[in-house]
Amino acid sequence: MFKKILVANRGEIACRVIRTARRMGIGTVAIYSDADRNALHVELADETVAIGPPPAAESYLFIARIVEAARATGADAVHPGYGFLSENAGFARALAAAGIAFIGPPPEAIEAMGDKIASKMLAAKAGVATVPGHLGVVADEDAAVKIAAGIGYPVMVKASAGGGGKGMRVAFDDASVREGFRLARSEARSSFGDDRLFLEKFIEEPRHIEIQVLADAHGACIHLGERECSIQRRNQKVVEEAPSAFLDPKTRGAMGAEAVALARAVGYQSAGTVEFIVDRDRNFYFLEMNTRLQVEHPVTELVTGLDLVEEMIRIAAGEKLRLVQDEVRLEGWAVEARIYAEDPFREFLPSIGRLTRYRPPAEGKTDGATIRIDSGVVEGSEISLYYDPMIAKLCTHAQDRNAAIDAMADALDAFALDGIRHNIPFLGALMAHPRWREGRLSTAFIAEEFPGGFHGAEPEIAERTILAAVATSAELLAMRPPRSAKATALTPEAARSFVVALGREQVPVRATRLASDGAASFDLGVGDAPALRVETEWRPGEPTWRGSVDGERVVAQVGREGSALKVARRGASVIARLMTPRAAALAALMPEEKPPDTSKVLRCPMPGLVVSIAVVEGQKVAAGDTLAIVEAMKMENVLRAERSATVARILARPGDSLAVDAIILEFS
Ligand code: ADP
Ligand code: ADP
Ligand code: MG
């Protein structure tokens with residue numbers, strides 16, 4: 001077995017690999033860029049090596065320096081995590097040349113699967129079903145239009161070197177295949193330095209279901225069942241689960257067998273994932289093979305009880321697989337939600353800054369559900385624009401899908417994060433979404449169910465009552481004990497009337513504080529409803545309110561917003577203000593604030609680089625016309641006109657680096 005492993009990565013995955021290595025009694029080396037000097041993975045490792053400046057190309061992707069770091073520290077193996085150099089055959093070869101083991105597959109397998117065109121050809125040869133399409137490089141836009149006609153719309157334009165959801169566009173007609181070709185090509189060139197594109201049929205109502213495989217150096221190869229990753233935004237996974245609610249044992253067996261056949265055909269060793277796209281009739285087609293540990297591997301670990309990183313380490317050290325196919329047991333249901341530093345209320349723009357609060361729910365097993373958190377941050381960590389915006393992965397495991405989802409909903413409500421924008425409200429709304437709960441998924445789920453983006457869930461009446469009850473109890477607990485007869489605080493058993501303003505809506509509340517020791521207990525008559533019994537141990541200042549409302553367990557986020565209290569749960573939030581009836585009557589007379597008029601300018605929706613401006617001053621545009629293209633986090637974003645207008649003045653130029661909300665152009 002290895003003595004020391006260098007982890008060539010950062011963030012949550014570096015922390016996760018270090019933990020398993022430590023448990024196995026193996027020493028660990030972390031590498032870090034200048035931006036990560038104080039990062040958690042650096043703190044966790046036994047030894048650390050500074051590797052270079054923040055840009056990944058000069059640090060986490062700098063092969064020579066990383067090999068040198070391994071040599072200098074005497075590491076005998078390197079785990080690459082995911083992303084960065086994990087699918088770089090040159091890195092695996094450089095390590096081999098230095099006599100250091102690469103904890104991953106052989107370089108030939110990485111190469112064979114790294115190119116989407118080549119891997120599709122190989123899969124077809126191994127008898128694996130592939131998406132119908134054109135297996136070759138498409139030369140230009142004209143060729144793309146011709147080939148698309150042969151395949152039949154809709155089609156997908158894809159970069160052969162693509163990954164991470166980048167460099168692909170779906171097209172429904174000749175015009176959009178031309179535009180998609182242009183955008184995918186320039187995205188592929190800037191992200192992968194390789195602009196070869198191909199075309200395949202766009203599978204409608206597709207579900208993304210992938211098979212985890214494990215293969216050793218002695219010819220054994222098994223699969224560990226599937227993960228469904230259909231909840232995606234811009235072809236990037238957001239929520240994953242194992243098993244898939246869509247697969248029957250027969251389809252699972254057939255997909256597993258094809259995945260194993262492909263792994264064998266490329267001489268695979270280590271953990272790997274064969275991704276399939278599955279249509280509504282359960283026909284499945286090979287998409288690509290990821291020759292590395294996958295972000296969402298924890299859900300497989302939760303249902304199989306295996307530690308995939310440990311298996312990878314053992315395989316790289318030459319050990320035989322410790323189980324055969326028949327011994328693989330899938331137990332219960334696991335769900336993973338990716339927590340991203342992005343603003344769901346502003347088209348999911350990346351958000352950077354310091355995590356002034358980071359209080360995840362407790363890990364472990366309670367009430368039949370297990371909570372697991374994979375994270376690379378702590379309170380006070382800095383989220384920078386240099387790297388992936390994922391801050392943590394929250395997983396739950398329970399006996400069935402509903403129980404795992406319930407546990408996830410509660411865990412999200414108990415997750416307190418501040419200082420940056422994050423997608424927890426969106427994930428909370430997702431968990432409560434009836435279609436998700438029913439398991440009627442497709443990769444278009446988010447686009448279909450949140451067509452205009454996410455604007456916060458609209459709480460139903462029952463949910464509003466719960467939010468109002470939480471807000472009232474918290475405000476009552478925050479009041480100071482009475483010092484004079486005029487004070488508003490409640491004394492035990494005395495009922496008082498208040499009004500809770502939820503936004504513009506005013507709801508009368510009649511509150512009685514019940515005598516109790518320990519937890520505070522109230523009877524709250526919200527609106528016309530019968531009084532609710534509210535119990536909580538919450539103390540003023542705590543970000544997470546836990547307690548019960550009429551016997552139902554409730555977890556909610558509470559935080560001050562000026563003189564009001566923001567209460568959030570299940571993706572919905574209310575701004576609540578507790579007032580005396582008299583103050584409420586006066587407040588109702590205040591004029592409503594109008595949001596500012598934004599129709600006169602085009603603002604940059606995210607920090608980014610102007611790639612091109614598509615209009616000139618004086619030009620008339622119609623709704624949907626392209627105005628400008630802005631690149632942010634390696635994606636090219638087309639900014640379109642929202643309505644007919646005339647361009648009066650252009651303030652930005654191609655190449656400009658713009659802050660969020662910077663004005664790109666003005667309309668007259
Ligand atoms: P998964 O299928 O495990 O979710 P993704 O394809 O989303 O994996 O990629 C995992 C990570 O690796 C992400 O951080 C993604 O941005 C990064 N990544 C994937 N492919 C590439 C690539 N070719 N170049 C750079 N980063 C990549
Ligand atoms: P990447 O390397 O970026 O992960 P994939 O080929 O795995 O690229 O595709 C990523 C996602 O894009 C898939 O999970 C799926 O949602 C969507 N997708 C890819 N190809 C197709 C297709 N032919 N039809 C429908 N959706 C597709
Ligand atoms: Mg993929």
Side-chain angles (χ1 to χ4, degrees), residues 82-83 86-88 110 113-124 128-135 138 147-148 151-172 176-177 180 183-184 187-188 191-192 194 196-213 226-241 244 246 255 259 262 272-281 283-297 338 388 390 441-448 633-636:
Y82 54 72
S86 60
E87 294 178 281
N88 187 309
I110 300 179
M113 291 293 129
D115 186 81
K116 288 197 200 301
I117 295 177
S119 71
K120 268 184 84 170
M121 290 183 183
L122 207 141
V128 176
T130 58
V131 183
H134 176 75
L135 271 184
V138 178
I147 293 165
I151 299 172
Y153 287 109
V155 299
M156 195 122 185
V157 185
K158 276 184 160 180
S160 197
K166 293 173 193 125
M168 66 172 81
R169 287 291 188 284
V170 53
F172 296 91
S176 62
V177 93
L183 289 171
E187 210 170 279
S191 299
F192 315 112
D194 174 349
R196 286 170 307 127
L197 301 182
F198 68 103
L199 288 189
E200 65 186 21
K201 182 89 186 157
F202 177 74
I203 306 294
E204 291 177 80
E205 282 181 55
R207 299 175 72 129
H208 175 115
I209 301 179
E210 58 189 31
I211 303 284
Q212 176 72 52
V213 297
E226 79 280 11
R227 293 183 286 259
E228 172 149 12
C229 320
S230 296
I231 304 292
Q232 306 184 345
R233 216 178 54 76
R234 288 184 160 192
N235 300 320
Q236 285 256 47
K237 300 159 187 169
V238 180
V239 170
E240 302 97 342
E241 60 185 313
S244 158
F246 195 53
M255 288 175 77
L262 179 63
T273 296
V274 181
E275 297 189 332
F276 293 94
I277 196 103
V278 184
D279 73 12
R280 58 182 152 236
D281 303 316
N283 297 309
F284 56 89
Y285 307 95
F286 168 73
L287 265 186
E288 64 162 344
M289 180 168 188
N290 290 327
T291 54
R292 55 170 163 87
L293 189 65
Q294 199 91 329
V295 174
E296 59 276 15
H297 75 279
R338 300 190 188 192
D388 200 285
M390 191 175 74
L441 310 183
S442 99
T443 57
F445 180 95
I446 291 178
E448 286 167 6
M633 296 202 131
K634 299 236 162 90
M635 286 286 283
E636 291 200 346

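All ligand and atom numbering here is 1-based and tracks the order in the structure.
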Per-atom contacts, ligand 2 versus [X] - under 4.0 Å to a heavy atom:
| X | result |
| --- | --- |
| Gly162 | 2 (O) |
| Thr443 | 16 (O) |
| His208 | 13 (C), 14 (O) |
| Gln232 | 11 (C), 13 (C), 14 (O), 15 (C), 16 (O) |

Inspect the contact between Arg338 and Glu240 and indicate whether a charged nitrogen and a carboxylate oxygen are less than 4.0 angstrom apart.
->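 Answer for the salt bridge query: yes.
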Could you tell me whether Lys116 and Glu200 have a side-chain N and a carboxylate O separated by less than 4.0 Å?
->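 Salt bridge absent between Lys116 and Glu200.
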Residues that Arg207 engages under side chain to side chain donor-acceptor pair (under 3.5 Å), provided they are two or more places apart =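 Arg207 satisfies side chain to side chain donor-acceptor pair (under 3.5 Å) with Glu228 only.
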Could you check which of Glu200, Glu288, Met156, Lys158 puts a non-hydrogen atom nearest to atom 6 (O) of ligand 2?
->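 The nearest heavy atom belongs to Lys158.
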Keeping [X] on the side-chain end and [Y] on the backbone end, is there a donor-acceptor pair under 3.5 Å?
| X | Y | answer |
| --- | --- | --- |
| Ser160 | Ile117 | yes |
| Asp194 | Arg196 | yes |
| Glu210 | Glu275 | no |

Any side-chain donor near an acceptor of the partner, Arg292 and Gln294, under 3.5 Å |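 On atom types as modelled, these side chains qualify, holding a pair under 3.5 Å.
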Quick one: look at Val131 and ligand 2, take heavy-atom pairs under 4.0 Å, and tell me if it's side chain, backbone, both or neither.
->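 Only the side chain of Val131 comes within reach of ligand 2.
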Side chain, backbone, both or neither: which part of Lys237 comes within less than 4.0 Å of ligand 2 when only heavy atoms are counted?
->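 Looking at Lys237 and ligand 2, no heavy atom falls under 4.0 Å.
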Could you tell me if any non-hydrogen atom of Met168 lies under 4.0 Å from any atom of ligand 2?
->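 Yes, Met168 has heavy atoms under 4.0 Å from ligand 2.
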Looking only at heavy atoms of Lys116, does any of them come nearer than 4.0 Å to an atom of ligand 2?
->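 The answer is yes, since Lys116 has a heavy atom less than 4.0 Å from ligand 2.
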Quick check: does Glu288 have an N/O/S atom under 2.8 Å of the Mg ion (ligand 3)?
->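 Checking the Mg ion (ligand 3) against Glu288, an N, O or S atom does fall under 2.8 Å.
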Examine Ile277 against ligand 2 and note whether any of their N/O atoms are separated by less than 3.5 Å.
->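 No, there is no polar N/O contact under 3.5 Å.
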Starting from the Mg ion (ligand 3), look over the N/O/S atoms of Glu275 and name the nearest one.
->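 This turns out to be OE1.
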Which residues satisfy the ring-ring contact (aromatic ring centres under 6.0 Å, His included) test with Phe445, sequence neighbours excluded?
->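 With neighbours one apart ignored, the set is His433.
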